[in-house]
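These numbers come from the heavy atoms of this one structure, side chains and all, not from hydrogens, waters or symmetry mates.
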Amino acid sequence: MAQTQIQAAREGTVTDAMKRVAERENREPEFVREQVAEGQAVIPANVNHDALDPMIIGREFATKVNANIGNSETTSDLEEELRKLHTAVHYGADTVMDLGTGSDLDEIRETHVDHSPVPIGTVPLYEAVKRAGGPEELTTELLLEVIEKQAEQGVDYMTIHAGILAEHLSLTDGRKTGIVSRGGSIMASWMVSHGEQNPLFQVYDEICEIFAEHDVTFSLGDSLRPGSLADACDEAQYAELDTLGELTRRAWKYNVQVMVEGPGHVPMHKVAENVERQQEVCDGAPFYVLGPLVTDIAPGYDHITSAIGAAMAAEAGAAMLCYVTPKEHLGLPDEEDVRDGLAAYRIAAHSGDVANERPGARDWDDALSEARYNFEWREQFGLALDPDRARDYHDQTLPEDNYKEARFCSMCGVEFCSMRIDRDARESRRGSRSGQSPEGSDQPREGGEMNRLESTTDLEASPAAEVNRPPVGTHDSDALSAVGDDSQSVEQAGDD
Ligand code: SF4
């Protein structure tokens with residue numbers, strides 16, 4: 001049996017994956033080992049996932065972002081699914097969950113694992129239901145068979161809905177939106193129709209043995225997460241959380257890594273409470289949250305309603321954020337939705353890292369601010385979270401190349417560009433102190449127009465060139481090109 005990351009860490013071994021993670025996070029390998037050994041962080045790295053560039057998920061490290069992809073019964077195409085993987089990695093997903101429920105699931109999953117430099121997560125229950133022909137037909141044998149097969153295929157982490165128990169179901173009776181987790185509703189339906197306990201709970205020890213053999217990480221599903229603000233932090237949610245705490249400790253006994261999934265829909269004033277409670281109940285196992293959405297009123301904008309909650313959760317200690325796209329509650333996201341969702345969530349994750357003073361996080365902000373104040377437009381675009389969008393928006397009104405040297409943009413215009421006015425005033429103050437006119441000229445300045453297309457003069461040397469963007473925690477360019485190179489047919493089909 002292969003050694004899992006947590007087993008190696010507990011025995012004092014710093015694995016190659018831990019060394020790579022330490023390099024990416026700018027931390028000491030020994031610190032990484034300690035965090036993994038104590039279950040405070042996970043390195044989802046199935047021993048069969050050869051293309052993986054190892055990463056770490058834990059509250060002491062850069063906050064990570066997951067993107068969900070996958071086909072549905074109405075859309076199923078291998079090239080389309082590879083293109084979605086490429087898009088997700090290109091826009092900065094740290095992990096990708098394949099939630100496919102359509103056809104060719106095996107082929108698509110194997111292709112994802114073969115091509116992906118980031119960990120791949122799945123919900124094996126979906127495939128089991130599809131193969132069984134419906135939730136009521138599920139058997140424990142089939143569940144274990146699907147889980148084992150996906151582990152052999154190289155899936156790095158799996159959502160297992162083992163925490164919802166028969167005794168929890170009545171606690172949802174008074175809810176406004178019932179059970180909104182797909183896996184949770186399937187398990188509840190099975191328990192009601194069979195009059196038995198959750199089968200995933202019943203075979204949990206066998207699942208642990210499979211996970212230990214392939215080093216698959218648990219992502220313990222929150223089947224009873226609230227689907228509306230009205231249901232947030234209710235008895236059902238917290239009863240399941242208590243079970244997830246017990247399951248965390250049981251998995252650790254098998255030397256299996258664990259992270260725990262969280263809500264959902266939570267008002268702002270209760271976001272931190274959710275994170276703190278999970279950390280306490282689950283002994284610090286990494287918290288992987290979906291949003292949470294902080295209001296229910298904005299279908300079409302739920303990447304924003306949820307990114308607000310995600311940023312707060314990141315500050316409070318959530319380790320990974322599952323993105324939400326503008327199509328949430330409305331339909332299957334397309335590539336533009338994936339881009340918008342990932343941008344929103346990388347902002348949330350980075351904001352949390354800045355608030356928590358993660359090593360190197362603020363350097364990125366400072367470099368961009370320097371470039372902005374120095375009117376280094378190309379540098380500013382290059383440093384932007386989404387460089388293509390920043391450049392496109394600028395060029396919509398000032399497309400000509402010479403405007404990349406301008407000391408203003410179309411937002412305020414040349415006369416009212418506050419940064420240009422302030423820079424001029426600063427330079428004047430410096431000039432008067434040294435007996436020189438601004439920027440060393442012997443001639444006085446003649447008003448706003450004179451600055452229209454001047455080259456910029458740095459007040460101080462920009463640190464931008466020294467910033468390795470993104471500063472911590474995301475993929476390197478080699479990893480990105482691994483997806484691009486291997487999916488040429490996808491790119492020819494229209495990807496960027
Ligand atoms: S014009 Fe306004 S928005 Fe544009 S660079 Fe100047 S201060 Fe910034």
Side-chain angles (χ1 to χ4, degrees), residues 65-76 80-81 84 87-88 91 93 96-102 121-123 125-126 129 135 159 161 164 172 174-189 219 221-234 236-237 240 261-268 270-271 274 288-314 318 320-349:
V65 173
N66 171 71
N68 292 334
I69 59 172
N71 62 4
S72 69
E73 282 166 15
T74 52
T75 60
S76 249
E80 173 69 15
E81 291 311 308
K84 285 182 193 170
T87 301
Y91 286 113
V96 170
M97 288 198 80
D98 175 358
L99 304 185
T101 55
T122 60
V123 184
L125 178 60
Y126 297 167
V129 168
T159 297
H161 297 84
I164 176 175
T172 66
R175 278 186 160 189
K176 194 173 277 293
T177 46
I179 299 174
V180 297
S181 150
R182 268 196 266 183
S185 64
I186 291 166
M187 286 293 94
S189 162
S219 185
D222 58 332
S223 305
L224 295 177
R225 67 169 171 265
S228 55
L229 296 193
D231 298 339
C233 312
D234 68 357
Q237 182 194 333
E240 184 191 34
E261 296 183 12
H265 291 236
V266 178
M268 287 171 71
K270 293 186 177 175
V271 171
N274 268 264
Y288 166 28
V289 292
L290 176 71
L293 286 71
V294 295
T295 174
D296 302 337
I297 64 162
Y301 296 93
D302 278 332
H303 60 315
I304 297 173
T305 63
S306 63
I308 292 169
M312 298 177 76
M320 184 156 79
L321 314 173
C322 182
Y323 89 157
V324 172
T325 77
K327 290 273 174 59
E328 183 75 9
H329 303 114
L330 301 172
L332 198 64
D334 61 21
E335 280 187 64
E336 198 59 17
D337 300 320
V338 170
R339 177 182 184 175
D340 288 345
L342 273 168
Y345 272 69
R346 289 188 64 206
I347 293 166

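Nearest approach of Ala314 to Ala348, heavy atoms of both residues: CB-O, 4.2 Å. Closest of all the heavy-atom pairs between Ser181 and Gly184 is OG-N, 2.8 Å. Considering every non-hydrogen atom in both Gly70 and Leu332, the closest pair reads O-CD1, 4.3 Å. The two residues Ser189 and Pro135 come nearest to each other via the heavy atoms OG-CB, 4.3 Å. The shortest non-hydrogen separation linking Pro292 to Val271 is CG-CG2, 4.0 Å. Closest of all the heavy-atom pairs between Ser223 and Glu240 is N-OE2, 2.7 Å.
Note that CG of Asp222 and CG of Asn274 are 10.0 Å apart. Values are rounded to the nearest 0.5 Å. One finds the NE2 atom of His303 at 11.0 Å from the NZ atom of Lys327 (value rounded to the nearest 0.5 Å). Atoms OG1 and CZ, from Thr177 and Arg225 in turn, are 10.5 Å apart once rounded to the nearest 0.5 Å. Rounded to the nearest 0.5 angstrom, Glu336 CD and Thr87 OG1 are separated by 10.0 Å. Here the CZ-CG distance, from Arg175 to Asp234, works out to 4.0 Å after rounding to the nearest 0.5 Å. Atoms NZ and CG, from Lys176 and Leu229 in turn, are 10.5 Å apart once rounded to the nearest 0.5 Å.
Within the 4.5 Å cutoff, the side chain of Asp231 has no heavy atoms near those of the His265 side chain. Looking at heavy atoms from C-beta onward, Arg182 lies out of side-chain contact with Val123 at the 4.5 angstrom threshold. Using a 4.5 Å heavy-atom threshold, the side chains of His161 and Ile186 count as separate. Inter-residue side-chain proximity for Thr325 and Tyr323 is flagged as met; some heavy-atom pair is nearer than 4.5 Å.
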#### Entry: Derivation and outcome, side chain to side chain contact (heavy atoms under 4.5 Å, CB included), residues Ile179 and Ile164
CA-CA 10 Å; Ile179 299 174; Ile164 176 175; 4.3 Å; yes

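Looking at Ser228 and Asp296, their side chains never bring a donor and an acceptor atom within 3.5 Å of each other.
Side chain of Asn68 to backbone of Cys322: no donor-acceptor contact under 3.5 angstrom is found. In this structure a side-chain-to-backbone donor-acceptor pair under 3.5 Å is present from Asp337 to Asp334. Distance alone, capped at 3.5 Å, places no donor-acceptor pair between the Glu328 side chain and the Asp302 backbone.
Cation-pi check for Arg346 over Tyr91 is not met; the charged atom does not lie both under 6.0 angstrom from the ring centroid and within 45 degrees of its normal.
For Pro299, the side chain to side chain contact (heavy atoms under 4.5 Å, CB included) partners two or more places apart in sequence, or in a different chain, are Leu330. Scored by the side chain to side chain contact (heavy atoms under 4.5 Å, CB included) test, Ser306 finds Leu293, Val324, Tyr345 as partners (sequence neighbours excluded).
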